[in-house]
Amino acid sequence: MAKEYRTIQEVAGPLMMVRGVEDVGYDELGEIELASGERRRCKVLEIDGGNALVQLFENSTGINLDSSKVRFLGKSMELGVSEDMLSRVFDGLGRPIDDGPEILPDERRDINGLAMNPAARAYPEEFIQTGVSAIDGLNTLVRGQKLPIFSASGLPHAQLAAQIARQARVIGTSDPFCVVFAAMGITFEESNYFIESFRETGAIDRTVLFMNLANDPAVERIATPRMALTAAEYLAFEKGMHVLVIMTDITNYADALREVSAARKEVPGRRGYPGYMYTDLASLYERAGRQKGRKGSITMIPILTMPEDDKTHPIPDLTGYITEGQVILSRDLYRKGLEPPIDVLPSLSRLKDKGIGKGKTREDHANTMNQLFAAYARGKSAKELMVILGEAALTDVDKLYAKFADEFEARYVNQGYRTNRSIEETLDLGWDLLRILPREELKRIKAEYLDQYYDQK
């Protein structure tokens, strides 16, 4: 029987101080019983001798210092995991919110899992097809990779996230594939959009959703990605599935971290975020990957909105250090009406070379990717020159490059949120666009591929 304490010293916002506690550990769960019999949950944030600083999951209204009791449960937050989680919707603390039955867990796992041991990691190398040309063709996602999407306020990252979750699959294998989707600090409208989007396409059958809304407590927002990753680890490494974890929005998560840090009166770091934010984000991101000797894998796409469109803001800055690249959404392309507005030039996938080529995508993939990048960059420069000096200042070849840039944006990048392109369709479209340019301009492609694909109309 857990010992009860009636020694609540003070309550300040979401925090509460309990004095004279014994054998209580960091991160341990507690239960507060009010005089009315109502029970609320809390979590230990800090232990100082016999004093425990706890954070409330619900609000502090009605807690009477004299008549309320606290008992500590001797365990940290856990999630009951089972294959039955697929096709279900949970809140940020792992409770079902889809009117379905409670999950009968195969086991209960501490959500504060450990980052994967580097010595146990297998190198990411299998291609994951998202059906989005700007990612598959140019910034390829590889199984076990962490590839964040950098967005900004008002840009359609929710639509892109839902599209990737619906369409993503590992090609060339019959191994089971599933998606774990974690949404943090989103509106009810956004939550509804994600759930309905998965339901109408049938993608929900292979998806586990964790939904934390904007009006939910900050401490729940901090638990949500850990819940999702605990479910993903079970499905990947116990059930042998290839799991794609999509987390949106990491900015809301970091703001919750800042809120809790400020409540604890910690010394703030850059822009008020706690100094340990890098470590905290790493403890999430590094749970993704492949393990030697195990069939399953966890691939992660964290999505974050850059405050004030600033790439140097601490959240995208630190995320960029920990992950293997980034896909950047552009406000300029969004204004032009491109769907999705992915800016391919500053985007980067550091592992793309490992997941493409013969036997994975197609032998011409690397050459065409490099040529498309080069041609689009030159085409954009030509268009900028045209704005300053007028079209007459451009050579005939530069005009072709300018035309290529327009066609590339209109046909390759702009594919809509309902189009699912195979990698063959993406590569063939790339060749179709490269035929705008004379053959002698395609210096980054081997002659044998030019003979095979360029001349074939």
Side-chain angles (χ1 to χ4, degrees), residues 79 81-92 94 96-98 100 103 124 126-132 135-136 140-149 157-171 173-184 186 190-212 224-250 284-285 287-290 295-304 323 327 340 355 417-418 420:
L79 176 67
V81 289
S82 158
E83 265 189 279
D84 295 337
M85 297 178 84
L86 290 167
S87 81
R88 299 295 303 275
V89 185
F90 302 90
D91 68 5
I97 53 171
D98 56 1
I103 296 289
E126 290 96 346
F127 167 70
I128 289 183
Q129 181 175 291
T130 65
V132 180
I135 296 175
D136 291 350
T140 314
L141 180 65
V142 180
R143 189 158 70 86
Q145 184 177 4
K146 307 175 286 290
L147 185 64
I149 294 175
H157 48 271
Q159 288 91 318
L160 180 59
Q163 181 180 17
I164 293 170
R166 287 194 310 266
Q167 298 177 176
R169 64 193 186 95
V170 180
I171 57 173
T173 175
S174 58
D175 293 343
F177 180 81
C178 70
V179 175
V180 175
F181 192 94
M184 294 160 279
I186 62 170
E190 283 178 299
S191 167
N192 212 39
Y193 166 77
F194 285 127
I195 295 167
E196 291 307 314
S197 171
F198 294 149
R199 278 195 178 133
E200 71 185 39
T201 57
I204 196 156
D205 293 340
R206 52 161 199 168
T207 307
V208 186
L209 291 100
F210 290 87
M211 295 290 172
N212 165 264
T224 305
R226 292 176 169 80
M227 290 279 173
L229 285 162
T230 303
E233 285 167 348
Y234 173 77
L235 293 169
F237 303 127
E238 297 299 325
K239 297 299 177 183
M241 294 185 173
H242 299 310
V243 185
L244 175 63
V245 178
I246 299 177
M247 301 197 297
T248 179
D249 175 347
I250 294 293
L284 297 179
Y285 297 149
R287 288 170 73 173
R290 294 173 60 217
K295 281 178 68 177
S297 64
I298 299 176
T299 307
M300 190 186 292
I301 299 183
I303 298 171
L304 57 92
T323 54
V327 172
Y417 299 112
R418 294 283 164 186
N420 185 0

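What you are looking at is a predicted structure, and each value in this text was computed from that prediction instead of being measured.
Across all their heavy atoms, Ser297 and Arg290 have their closest contact at CB-CG, 3.5 Å. In terms of heavy atoms, Gln167 sits closest to Arg206 at N-NH2, 4.0 Å. In terms of heavy-atom proximity, Gly131 sits nearest to Asn420 at CA-OD1, 3.2 Å. Pro124 and Gln145 make their closest contact through CB-N, 4.4 Å (heavy atoms, listed as atom of the first residue, atom of the second, distance). For Thr224 against Gly92, the heavy-atom pair with the smallest separation is OG1-CA, 3.3 Å. When every heavy atom of Tyr285 is checked against every heavy atom of Pro302, the shortest pair comes out as CE2-CG, 3.6 Å.
For the pair Leu244 and Val180, the minimum side-chain heavy-atom distance is 4.5 Å or more. Proximity of Ile97 to Phe90: side-chain heavy atoms (C-beta onward) are nowhere separated by under 4.5 Å. In this structure, the side chains of Glu238 and Val81 stay at 4.5 Å or more apart for every pair of heavy atoms. Counting heavy atoms from C-beta on, the side chains of Phe210 and Leu79 come closer than 4.5 Å. Using a 4.5 Å heavy-atom cutoff, the side chains of Thr230 and Arg287 are in contact. You'll find the side chain of Ile301 stays beyond 4.5 Å of the side chain of Met247, heavy atoms only. At least one side-chain heavy atom of Pro340 sits under 4.5 Å from a side-chain heavy atom of Val132. Contact of the Asp91 side chain with the Met211 side chain is not registered, since no non-hydrogen atoms from C-beta on lie closer than 4.5 Å.
Using cut-offs of 30° and 60° on the angle between ring planes, the pair Phe198 and Phe181 is perpendicular.
Under the side-chain contact (heavy atoms from CB on, under 4.5 Å) rule, Ile128 has a single partner from Asp136, Leu141, Ile135, which is Leu141.
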Could you walk me through whether Lys295 and His242 pass the side-chain contact (heavy atoms from CB on, under 4.5 Å) check? CA-CA 8 Å; Lys295 281 178 68 177; His242 299 310; 5.8 Å; no

Assess the residue pair Thr207 and Cys178 against the criterion (side-chain contact (heavy atoms from CB on, under 4.5 Å)); give the C-alpha distance rounded to whole Å, side-chain angles, the decisive distance to 0.1 Å, and a yes or no. CA-CA 6 Å; Thr207 307; Cys178 70; over 6 Å; no

Please lay out, stage by stage, how Arg226 and Leu284 fare under the test side-chain contact (heavy atoms from CB on, under 4.5 Å). CA-CA 7 Å; Arg226 292 176 169 80; Leu284 297 179; 3.8 Å; yes

side-chain contact (heavy atoms from CB on, under 4.5 Å) between Phe177 and Val243, intermediate numbers included: CA-CA 6 Å; Phe177 180 81; Val243 185; over 6 Å; no

With salt bridge (charged side-chain N to carboxylate O under 4.0 Å, His left out) as the test, would you mind laying out the steps for Arg169 and Glu126 before giving the verdict? CA-CA 11 Å; Arg169 64 193 186 95; Glu126 290 96 346; over 6 Å; no

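The CG atom of Leu304 lies 7.0 Å from the CD1 atom of Ile250; values are rounded to the nearest 0.5 Å. Here the CE atom belonging to Met85 is positioned 12.5 Å from the NZ atom belonging to Lys239, to the nearest 0.5 angstrom. The CZ atom of Arg418 sits 5.0 Å away from the OG atom of Ser197 when rounded to the nearest 0.5 Å. For the atom pair CE of Met227 and CG of Asn212, the computed distance is 11.0 Å after rounding to the nearest 0.5 Å. Rounding to the nearest 0.5 Å gives a distance of 9.0 Å between CZ of Phe194 and CG of Leu209. Taken to the nearest 0.5 Å, the CD atom of Glu190 stands 9.0 Å off from the CD atom of Gln159.
Asp205 and Ser87 are not linked by any side-chain donor-acceptor pair at a separation below 3.5 angstrom, with hydrogens and angles left out of the test. Side-chain N/O atoms of Thr299 and Arg143 include no donor and acceptor closer than 3.5 Å.
Between the side chain of Asp84 and the main chain of Ile103, no donor-acceptor pair closer than 3.5 Å is present. Of the possible donor and acceptor atoms, none in the side chain of Gln163 sits under 3.5 Å from a partner among the backbone N and O of Leu160. A side-chain donor-acceptor contact under 3.5 Å links Asp98 to the backbone of Val89.
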